[in-house]
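Since the structure comes first, as structure tokens, the remarks are kept for the end.
Proteins come first, then strands; the chains are lettered A, B, ... in the order of their sequence lines, and each starts at number 1.
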Number of protein chains: 2
Amino acid sequence: MTLGHGRRATIRDVALAAGVSISTASNALNGQGRTNAETRDRVKRVAEEIGFRPNALARGLLSRRSHSIGIITNDTYGRLTLPMTAGVSEALVDHGVSVFLCATNNDPRLARLHLEALLDKQVDGIIFTATRLDLAPPVDLSSLPMPVVYAFAEGPDTSVSFVPDDSQGARLAVEHLLSLGHRRIMHITGPEDFVAVRRRAAAYRACLDGRGDKGEVMFGPWGEDWGHEAVRRMLARPEPRPDAIFCGSDETARGVIDALRDHGLSVPADIAVVGFDNWHVVAAQTRPALTTVDMGLKELGRRAGLAMLDLTQGKPVPLGIKALGCSLVVRKSCGAV
Amino acid sequence: MTLGHGRRATIRDVALAAGVSISTASNALNGQGRTNAETRDRVKRVAEEIGFRPNALARGLLSRRSHSIGIITNDTYGRLTLPMTAGVSEALVDHGVSVFLCATNNDPRLARLHLEALLDKQVDGIIFTATRLDLAPPVDLSSLPMPVVYAFAEGPDTSVSFVPDDSQGARLAVEHLLSLGHRRIMHITGPEDFVAVRRRAAAYRACLDGRGDKGEVMFGPWGEDWGHEAVRRMLARPEPRPDAIFCGSDETARGVIDALRDHGLSVPADIAVVGFDNWHVVAAQTRPALTTVDMGLKELGRRAGLAMLDLTQGKPVPLGIKALGCSLVVRKSCGAV
DNA sequence: TCCAGTAGATAAAAGGTTTTAGCATTTCGT
DNA sequence: ACGAAATGCTAAAACCTTTTATCTACTGGA
């Protein structure tokens with residue numbers, strides 16, 4: 001900043017200092033129009049010297065692109081949101097696009113407020129994100145004048161959505177257990193009204209069905225307590241005991257492992273356990289550390305960000321719901337190498 | 001939207017539909033200048049009908065206030081950031097101010113990129129947030145043309161910072177234990193190079209010092225493992241055992257409680273335990289549920305947001321570091337009612 | 001009747017940038 | 001040497017809103 005006053009340098013200052021008109025300065029800086037190479041370099045040098053950066057407001061006013069997008073989420077405490085947001089942001093920051101984060105707390109009033117602020121600010125697009133796949137946005141997003149992308153949420157068929165492939169993730173877990181020789185595999189998971197829970201359970205059953213095994217699924221509330229309770233019920237029944245448990249969340253898995261230990265059963269020696277989420281605080285601290293399915297949330301956000309980028313640039317993007325593969329993170333709770 | 005084309009309604013459309021000039025429309029909508037009451041109402045009604053909302057870009061260009069601020073954080077996985085951001089956002093959304101979230105991952109290149117995007121977008125202010133109090137921003141924030149507020153970080157004396165009152169929080173924990181009759185209170189905490197750790201330890205010592213008790217502090221890495229290890233060391237020593245442990249984090253506390261159980265000691269009957277963070281996943285799931293210190297992160301964010309609001313409106317805000325009180329969340333791990 | 005004052009409305013400028021159309025000047029081809 | 005084409009630059013319009021200064025018409029007072 002070699003400008004005396006606090007004012008930010010404008011292209012006018014550049015033009016003045018370089019002894020050219022504003023249009024020439026603009027052309028030179030953007031490589032548009034016909035410009036003498038010597039002039040172009042001089043303008044660029046001067047711009048650099050006085051620290052000129054174009055005002056995005058003015059630019060956006062004209063180009064109708066604000067280079068910002070909004071993320072609307074219903075999640076305040078962020079186990080899912082923040083990795084996704086980080087992914088989105090990472091995909092976009094190199095293109096000069098910034099991200100407005102709007103936590104609605106599932107409150108329609110708040111959501112409307114946020115949405116109006118976003119519309120006023122002429123965001124180039126909106127990404128909607130939820131804590132569960134089958135949750136509708138707290139405000140109508142179906143007829144906005146800009147593209148909408150759903151991440152970890154399923155939008156209408158005419159929009160673009162990215163979700164983790166729960167079926168494939170569940171298969172990953174079950175096949176891992178099968179490959180280690182386990183044959184009596186149980187599934188302890190969350191409430192059946194979650195679509196993700198139903199998909200994982202269905203995939204689990206399908207995996208076992210090939211072997212003429214119906215399997216057994218216990219639905220319940222999420223959380224560690226449910227893991228304890230489920231183990232209590234399981235052990236109260238007649239033999240044979242399962243030799244492996246596939247859990248619907250890392251928290252449940254932790255509860256299961258703790259409960260098994262309390263009952264004198266060793267993991268993985270007596271019973272192997274697999275989780276779902278790869279939520280680091282939980283999975284890494286479980287004893288033994290948890291083998292679990294990772295949904296790749298950051299990558300999911302990155303994909304959503306890239307899709308949004310294409311949409312704002314008018315490029316074609318395949319519509320519908322795209323399921324992204326999960327990966328298995330092998331730690332100690334299954335006894336694999 | 002009664003406008004045929006996808007175009008957003010402008011004030012020009014309002015003026016046309018109401019049969020007045022653009023200036024009159026603007027005056028009527030904003031209650032500026034002299035306007036006939038009848039005209040004013042008609043303009044407002046028309047604006048409502050065609051769904052007019054002023055373009056924030058154009059407005060910002062003129063008023064030099066973009067009604068957006070940036071949050072720069074080095075935290076990607078969000079245990080601290082997201083509650084604070086939610087607080088900031090909550091304080092600002094009612095004033096039409098939106099929040100850009102910039103996760104820098106502590107990478108200076110990324111931080112510079114984000115900062116430049118924010119400056120270009122003419123944000124009205126920047127809030128810096130970190131995962132620990134004594135972490136400098138990965139990019140120089142000292143001479144920006146807009147106000148900077150530090151939340152959960154200590155900025156220079158000439159700026160405005162909000163941090164949790166670690167000393168008071170620690171006192172809360174220790175006095176709770178004292179009030180329950182415990183007399184041999186240990187402190188198991190994080191690495192000594194964290195300023196928050198040193199402050200808590202100092203407050204802990206000061207509390208005991210009045211009773212002629214030096215206390216004992218064990219520093220170590222954060223995390224559950226350290227809790228286990230610390231308990232092992234503690235029990236390996238000659239009697240007398242502590243009758244209470246004040247932990248520097250909930251994770252450590254959970255490790256401590258699990259380890260005590262493994263060694264046949266009961267919490268709270270044999271030893272009481274207090275944590276620090278009130279990180280719900282950890283504190284609520286510990287068995288027994290953890291009594292712990294809550295730093296009020298959301299409130300901290302709210303205060304930072306309000307301060308930013310005042311700053312952008314030119315109101316005076318007291319400079320320096322403001323320590324915000326913590327609160328004690330009583331659960332089961334101390335045996336209090 | 002004329003003047004001053006006021007109410008109500010508006011034209012124009014400003015904010016910073018990009019783009020279009022157009023103006024000189026030089027170069028090229030014949 | 002002359003018209004055509006290319007080169008280098010610029011004025012002005014456009015994006016949308018707010019504000020200032022100005023203009024018109026009317027009211028009331030003398």
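Residue pairs that meet the side-chain hydrogen bond (donor to acceptor under 3.5 Å, both in side chains) test with at least one member in residues 142-156 of chain B, sequence neighbours left out, are D140(B)-S142(B), E154(B)-R199(B). The side-chain hydrogen bond (donor to acceptor under 3.5 Å, both in side chains) pairs that include a residue from residues 78-88 of chain B are T73(B)-T81(B), D75(B)-T81(B), R79(B)-D277(B), where partners are two or more places apart or lie in different chains. Under the salt bridge (charged side-chain N to carboxylate O under 4.0 Å, His left out) criterion, the residue pairs touching residues 125-134 of chain A are R132(A)-D134(A), R132(A)-D193(A), with sequence neighbours excluded. Sorted by first and then second residue, the salt bridge (charged side-chain N to carboxylate O under 4.0 Å, His left out) pairs involving residues 22-39 of chain A (not counting sequence neighbours) are E38(A)-R42(A). For residues 16-26 of chain B, every residue pair satisfying the side-chain hydrogen bond (donor to acceptor under 3.5 Å, both in side chains) rule, not counting sequence neighbours, is listed here: S21(B)-T24(B), S26(B)-N30(B).
Between the side chains of K121(B) and S68(A), no donor N or O sits under 3.5 Å from an acceptor N or O.
In this structure, S63(A) reaches neither bases nor backbone, as no heavy-atom distance under 4.0 Å exists between it and the strands shown.
Residues satisfying the side-chain hydrogen bond (donor to acceptor under 3.5 Å, both in side chains) criterion with N36(A), sequence neighbours excluded, are absent altogether. Residues forming a side-chain hydrogen bond (donor to acceptor under 3.5 Å, both in side chains) with T158(B) (at least two apart in sequence, or on another chain): none. With sequence neighbours excluded, no residue satisfies side-chain hydrogen bond (donor to acceptor under 3.5 Å, both in side chains) with K44(B). Judged as a side-chain hydrogen bond (donor to acceptor under 3.5 Å, both in side chains), and not counting sequence neighbours, T129(B) has no contacts.
Here chain B contacts DNA chain D (any atom closer than 4.0 Å to a heavy atom, that is under 4.0 Å), and the contacts span dC16(D) to dT19(D) from 5' to 3'.
Computed from C1' positions of five pairs at each end, the angle between the two local axes of the helix from dT1(C)-dA30(D) to dT30(C)-dA1(D) equals 60°, rounded to 10 degrees.
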Q | Protein proximity profile, nucleotides 16-29 of chain C - base contact B, sugar-phosphate-only contact S, no contact -, cut-off 4.0 Å on heavy atoms | A | BBBB--B-------
